[in-house]
Amino acid sequence: MNHKNVILLGPPASGKGTQAKKLAEQLGVPCLGTGQLLRAEIEKGSAVGKEAKGFIDSGRYVPDETILKMVGEWLNENKDGWIMDGFPRTLPQAEELQKLAPDAKVIVLDVPRENLEQRIIKRRECTSCGATVAVTDLSQTRCRECGADSLVSRTDDALESFKVRYENYEELTIPLYDYYSGLGPVEHVDGTQAPAKVYEEVTNAVTMGTSGN
Ligand code: AMP
């Protein structure tokens, strides 16, 4: 696998973060989760975090200008390959990234809306080790990754925020599929499968992109 710039696209809770992390480890490149980066800025109480919080909590996209500045700084320090998780999400973001990395491999995780709602209800983040997990019992607070009693729901995983996030996704992110199809091959992976199977297909898609596809 020598494709070192990979863009993972898909609706909220389609598994981008989980797949991006594994792929980044395997390829030995960093992974940029813009949502994660924004949550870290909120935690720090930085100016970017203060601006982003209202947008994120209500499920709206953070303005392109803010995102592009943040990603531009990150890309300046990470020039030797990366996995993008949650960026780009709008056409202006995709066009900017295209100027910097015209050779990126684009992979879409397809998951229908009805599955996403179920995932959102069960999704928890561990405030101790940072893992994202799906709980079987909604009252579960113990993290199976690190054992800490630290599982919480993301504030933007409330169903009201999710509705807004999905509407934004339909209106602003789905047009990227046509944009990228017009530039070259886009691989679609069925994201409803077990995570290991999704990962197998994601890695196949990355490999395919390097073998003359
Ligand atoms: P995520 O962790 O990818 O689900 O992102 C959480 C939230 O961060 C999103 O619902 C947006 O409010 C914001 N966000 C993350 N990435 C972007 C982006 N590329 N453009 C605009 N907003 C973003």
Side-chain angles (χ1 to χ4, degrees), residues 5-24 30-44 46-75 78 82-101 104 106-109 111 113 115-127 130-134 152-177 179-180 191:
N5 290 335
V6 178
I7 299 169
L8 276 182
L9 298 176
S14 54
K16 298 187 296 294
T18 305
Q19 298 297 327
K21 227 186 205 170
K22 276 182 92 170
L23 193 59
C31 159
L32 175 60
T34 42
Q36 234 170 6
L37 205 57
L38 289 165
R39 284 189 288 279
E41 292 295 325
I42 292 174
E43 193 77 10
K44 277 195 280 183
S46 71
V48 170
K50 282 184 182 135
E51 186 202 344
K53 186 168 169 40
F55 289 101
I56 294 184
D57 285 351
S58 59
R60 287 171 299 155
Y61 282 0
V62 173
D64 285 335
E65 201 189 335
T66 309
I67 295 287
L68 285 169
K69 186 165 180 289
M70 190 178 80
V71 173
E73 283 164 11
W74 188 90
L75 282 172
N78 295 278
W82 35 252
I83 314 295
M84 289 290 164
D85 154 27
F87 177 89
R89 261 178 159 99
T90 65
L91 269 179
Q93 292 179 15
E95 284 163 359
E96 278 307 307
L97 185 61
Q98 188 61 21
K99 288 185 209 158
L100 299 171
V106 181
I107 301 173
V108 181
L109 299 183
V111 180
R113 183 180 173 146
N115 300 40
L116 300 171
E117 274 193 24
Q118 280 310 307
R119 288 182 181 199
I120 290 280
I121 290 167
K122 293 178 184 162
R123 179 156 77 174
R124 299 288 182 277
E125 285 209 334
C126 179
T127 53
T132 301
V133 298
V152 293
S153 288
R154 276 171 45 175
T155 45
D156 62 340
D157 274 352
L159 278 181
E160 270 315 299
S161 302
F162 173 72
K163 270 190 200 144
V164 178
R165 285 161 76 199
Y166 196 81
E167 278 164 20
N168 271 302
Y169 163 74
E170 281 186 310
E171 187 188 330
L172 299 167
T173 304
I174 288 184
L176 299 193
Y177 301 161
Y179 170 76
Y180 281 119

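When a ligand or atom number is given, it counts from 1 through the structure's own listing order. The basis for the numbers below is simple: all heavy atoms, side chains too, and nothing from hydrogens, waters or symmetry mates.
From the protein, the heavy atom lying nearest to atom 11 (C) of ligand 1 is Arg60 O, 3.7 Å. Among protein heavy atoms, the minimum distance from atom 22 (N) of ligand 1 is reached at Val62 N, 3.0 Å. Taking atom 10 (O) of ligand 1 as the reference point, the nearest protein heavy-atom neighbour is Arg165 NE, 3.6 Å. Scanning all protein heavy atoms for the shortest distance to atom 2 (O) of ligand 1 gives Arg39 NH1, 3.0 Å. Of the protein's heavy atoms, Arg89 NH2, 3.9 Å lies nearest to atom 9 (C) of ligand 1. Nearest non-hydrogen protein atom to atom 13 (C) of ligand 1 is Leu38 CD1, 3.7 Å. Atom 20 (N) of ligand 1 has Gln93 NE2, 3.0 Å as its closest protein atom, hydrogens excluded (heavy atom only). At the shortest separation from atom 4 (O) of ligand 1 among protein heavy atoms lies Arg154 NH2, 2.9 Å.
In terms of N/O distances under 3.5 Å, ligand 1 is approached by Thr34. Checking only distances, Gly86 does come within under 3.5 Å of ligand 1, N or O to N or O.
A 6.0 Å sphere centred on CD of Gln98 holds more than 12 heavy atoms belonging to other residues, nucleotides or ligands.
The proximity of Lys53 to ligand 1, defined as any non-hydrogen pair under 4.0 Å, does not occur for either the backbone or the side chain. Proximity of Asp64 to ligand 1, defined as any heavy-atom pair under 4.0 Å, is not found for any part of the residue. Only the side chain of Ile67 comes within 4.0 Å of ligand 1, counting heavy atoms alone; its backbone N, CA, C and O stay farther away. When heavy-atom distances to ligand 1 are checked against a 4.0 Å cut-off, Ile56 comes that close through both its backbone and its side chain.
The shortest distance between side-chain heavy atoms of Thr132 and Lys21 does not fall below 4.5 Å. Side-chain contact check for Leu68 versus Phe87: some heavy-atom pair is nearer than 4.5 Å. No side-chain heavy atom of Val48 sits less than 4.5 Å from a side-chain heavy atom of Val62.
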Next item on the list: Let me see the working for Thr173 and Tyr61 under side chain to side chain contact (heavy atoms under 4.5 Å, CB included), right down to the final yes or no.
Entry: CA-CA 10 Å; Thr173 304; Tyr61 282 0; 2.6 Å; yes

Next item on the list: Kindly determine whether Glu167 and Lys163 satisfy salt bridge (Lys or Arg N to Asp or Glu O under 4.0 Å), including the steps that lead there.
Entry: CA-CA 6 Å; Glu167 278 164 20; Lys163 270 190 200 144; over 6 Å; no

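By the 4.0 Å N-to-carboxylate-O rule, Glu65 lies too far from Lys69 to be salt-bridged with it. Taking the charged nitrogens against the carboxylate oxygens, Asp157 and Arg165 do have a contact shorter than 4.0 Å, which makes a salt bridge.
To the nearest 0.5 Å, atom CG of residue Leu100 and atom CG of residue Asn5 are 10.0 Å apart.
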